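None of these values were measured; they are calculated from a predicted model.
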Amino acid sequence: MLVVGCLVATAPVAAVSAGAVADAPDAPAPNADAPASLEGADRVSALGPAPGPLQQTANATNNSTGVLHENPDEVDDENELDRLLSYLSGELNGDIGASTLQLSQGEYAAAKAALGDDYDDSLGKYVDVEGEVGGDGAGEEYRTVSETQREYVDTVSEFRETRREYEAARRAGNDERARELARELTRLAEDGETQSDRLLAAFDTISNRTDGDLAESSAQIADVQANVSEQRDEIVSREFVATRLAVDDYDRNISFTDPLVLSGSLVTDNGTPVEATSARFAVGGQTVQSAVDPDGSFELTYRPARIPASTSSLTVRYLPDDTSMYQATERVVPVAVSQVNATAGLSEPSASAYGYADAVSVRATVRVNGTPVSNYPVAASFAGSSATAPATNASGASAVSATVPATATGTASIRVAPDGDGRAVTFAPATAAVPLETEGTALSVTARETADRTVVVDGRLETDEGEAVSGQSVAVSVDGREVAAATTGASGAYRAAVDLPSDASVENATVSVAFDGEGTNLEPSDATASIRLSNGATSAGNGASDGLPFDPLDLAWVVAGTAVVGLVAAVLLRRNDADDAAAATVAESAATESAEPTEPEQAATEASALNSATEALDAGRPNDAVVVAYAGVRRSLGAAAGIDDAATHWEFCDRCVDAGVGPAEALESLTAGYERAAYSGLSVSDADAAELVETARSVVAPDETGVPESSDSGDGVDASEPVGPVE
């Protein structure tokens with residue numbers, strides 16, 4: 001109700017019909033009583049302001065007796081919601097009208113843009129309000145229009161472009177290419193007919209369920225499609241010779257073991273045999289090839305397998321080659337289908353045992369009395385999870401593949417079954433046992449104080465073979481008492497923020513994590529670490545960063561001498577409201593620093609950047625974390641790759657890859673994340689930021705991040721282990 005309340009608080013008390021374009025010659029001038037616009041109502045299309053409610057001018061006197069602003073706590077009045085729904089409907093209808101008008105004028109990009117973000121925004125609001133008032137489903141119709149009209153614009157645009165190519169081929173005397181394009185035009189016209197019919201039905205429903213009138217839009221869509229169909233018919237009659245499919249008497253009772261045998265003749269409209277030695281026919285979702293005699297006679301055989309056993313008729317369609325001079329034709333033949341039972345088999349797995357994340361593959365076959373059942377869809381599963389299984393090939397075989405999940409224990413089974421009930425061919429499910437073995441795990445942990453008595457615990461869970469273990473719970477304890485639980489992400493990383501018990505000392509407490517492996521094929525593991533004090537904890541009150549999760553001067557050193565330092569420092573200082581003095585200090589450091597630090601100093605600054613990125617993440621600033629992590633990577637790899645300071649971030653990425661100083665996938669992921677965090681104005685999620693900081697660590701120092709390892713860390717775990725998403 002809060003969202004709806006906010007909408008009503010800014011919505012006009014009345015909606016104006018969206019039937020006229022704002023700059024149309026006969027449109028009435030704005031008047032003093034025109035309602036104020038809802039957010040997004042000031043859209044402008046190529047034709048001027050989008051059709052919809054008229055805008056109230058800034059200096060107009062509002063003489064309306066209605067209330068333009070309502071208390072959100074009092075917006076549950078049904079009349080208020082109905083008026084808001086009517087207004088939003090006018091917004092949507094106006095966008096639809098603008099789109100269909102642009103389409104009719106051949107402005108395809110503008111036609112799609114009219115149903116862009118603003119339309120989606122209004123639609124979301126409409127659906128919210130409709131839910132409050134118990135609407136009659138117009139929201140779904142508006143959604144159908146959004147999806148279908150965009151597709152239809154693409155179809156019409158492609159039809160026009162293909163027609164231009166067709167005309168060029170005809171002028172060049174390339175008959176075969178012209179016929180290929182003519183068949184493509186036929187396909188596009190058929191798609192357009194389906195899409196336009198769907199649109200017209202949706203327009204009609206919207207007009208009946210709302211106060212709007214989309215008759216003009218309907219007429220425009222109908223005119224566009226009529227023009228497309230007319231051009232298609234003209235081209236087809238020009239390029240192709242019409243054909244007829246004659247069918248002799250046949251046995252209508254069919255099954256996989258008693259197939260349909262259909263004989264007949266393929267001739268032109270005037271009775272002349274089709275000049276072809278073979279022909280393709282589409283029957284029941286299959287393609288059947290048949291020889292054609294000089295008199296046009298043929299005989300085809302079709303075995304029903306995937307069609308429903310309840311099928312009462314089949315369409316037999318002649319499919320000429322793309323370059324053929326003949327037109328496609330079809331014939332409907334009545335049938336009665338009997339279901340047949342097949343036998344499914346599975347091969348044995350090749351390995352003696354499989355562990356977590358191992359790939360398992362077997363071969364499934366489907367046969368009826370030894371005859372392969374081809375093009376048959378099968379469903380496969382392994383240990384309760386879905387497995388991959390394509391339709392059977394010409395030999396009736398399907399390659400089934402799966403990956404061992406953590407929950408698979410003992411001896412699990414791969415299972416195959418028909419992908420659907422009631423088909424002409426069915427079979428009993430088949431299974432194959434897959435022997436499993438347990439696998440050892442390694443758990444890492446680091447613990448850092450980020451605020452007074454608040455500790456962030458993070459690390460990674462992997463197998464002994466280095467495979468990430470995802471979706472598993474890790475128990476977090478302080479001085480032997482369990483205080484939290486975290487779940488590992490896709491990379492095996494976990495993160496938890498815990499408050500220390502009142503009797504625990506930050507300096508002396510021990511943090512431990514444990515994975516018990518219960519209910520999995522993974523062995524338990526644990527790790528222990530002491531708490532690393534944050535810079536803020538050891539030097540609180542110095543005011544150096546003025547609210548930043550890291551020292552701005554450290555950031556300047558991280559990227560000293562590079563073109564990006566000014567941008568990064570300015571963005572972060574501005575984003576976190578740093579004082580002018582701190583900003584001036586960083587800018588001066590960036591502008592004047594010219595000496596390259598020594599190698600130990602460089603390693604320290606890289607580690608400082610990554611630590612600052614992690615602290616920014618802990619402080620709830622994911623965008624800052626990504627920018628600082630990227631800066632650390634740039635400082636680390638720039639000198640090694642010999643990249644000048646003026647290189648853009650993507651140039652830097654490409655040159656690093658070319659120089660072989662960093663993995664391409666990691667650099668591209670980090671660069672894309674930096675671009676979003678620094679320039680897009682959008683927020684990076686905590687989970688994505690954590691993954692990007694982890695990626696930065698792996699790029700800068702795959703084996704050593706420069707962060708001191710805790711002396712109390714158990715199992716020889718690196719205390720600087722990358723972090724994962726918060727669970």
**Message:** Tell me whether R306 forms a cation-pi arrangement with Y376, defined as NZ or CZ under 6.0 Å from the six-membered ring centre and within 45 degrees of its axis.
**Reply:** no
**Request:** Please determine, by modelled atom types, if T371 and N369 share a side-chain donor-acceptor pair under 3.5 angstrom.
**Result:** no
**Under 3.5 Å: donor-acceptor pair, side chain of R415, backbone of S381** = no
**Request:** Apply side chain to side chain donor-acceptor pair (under 3.5 Å) to N227 and Q231, showing your working.
**Result:** CA-CA 6 Å; N227 181 262; Q231 292 184 34; 2.6 Å; yes
**Request:** List the steps, then state whether side chain to side chain donor-acceptor pair (under 3.5 Å) holds for T194 with E190.
**Result:** CA-CA 6 Å; T194 300; E190 290 173 351; over 6 Å; no
**Complete:** Sequence neighbours excluded, the answer for salt bridge (Lys or Arg N to Asp or Glu O under 4.0 Å) partners of R317 is E330
**Message:** Could you go through Q472 and T487, starting from their C-alpha distance and side-chain angles, then the distance that decides it, and tell me whether this counts as side chain to side chain donor-acceptor pair (under 3.5 Å)?
**Reply:** CA-CA 5 Å; Q472 298 302 311; T487 302; over 6 Å; no
**Prompt:** Does R183 make a cation-pi contact with F240 (under 6.0 Å, within 45 degrees of the axis)?
**Reply:** yes
**Message:** Would you say that N93 contacts T210 through its side chain, given a criterion of any heavy-atom pair below 4.5 Å between the two side chains?
**Reply:** yes
**E299 atom CD, over 12 foreign heavy atoms within 6.0 Å** = yes
**Request:** State, with a plain yes or no, whether a side-chain heavy atom of E239 is found less than 4.5 Å away from one of Q327.
**Result:** no
**Asked** Should the pair R179-E176 be classified as a salt bridge under the 4.0 Å nitrogen-to-oxygen rule?
**Response** no
**Item:** Test side chain to side chain donor-acceptor pair (under 3.5 Å) applied to S491 and E691, step by step
**Value:** CA-CA 8 Å; S491 65; E691 291 292 340; 3.2 Å; yes
**Message:** For F281 and Y318, take the angle between the two ring planes, folded into 0 to 90°, and tell me which bin it lands in: parallel under 30, tilted 30 to 60, perpendicular over 60.
**Reply:** tilted
**Item:** Heavy-atom check, side chain of L262 versus side chain of V247, under 4.5 Å
**Value:** yes
**Message:** Once side-chain contact (heavy atoms from CB on, under 4.5 Å) is applied, do any residues pair with D258, and if so which ones, sequence neighbours excluded?
**Reply:** D251, S255
**Message:** Would you compute the distance between atom CD1 of I206 and atom OG of S217 and round it to the nearest 0.5 angstrom?
**Reply:** 9.5 Å
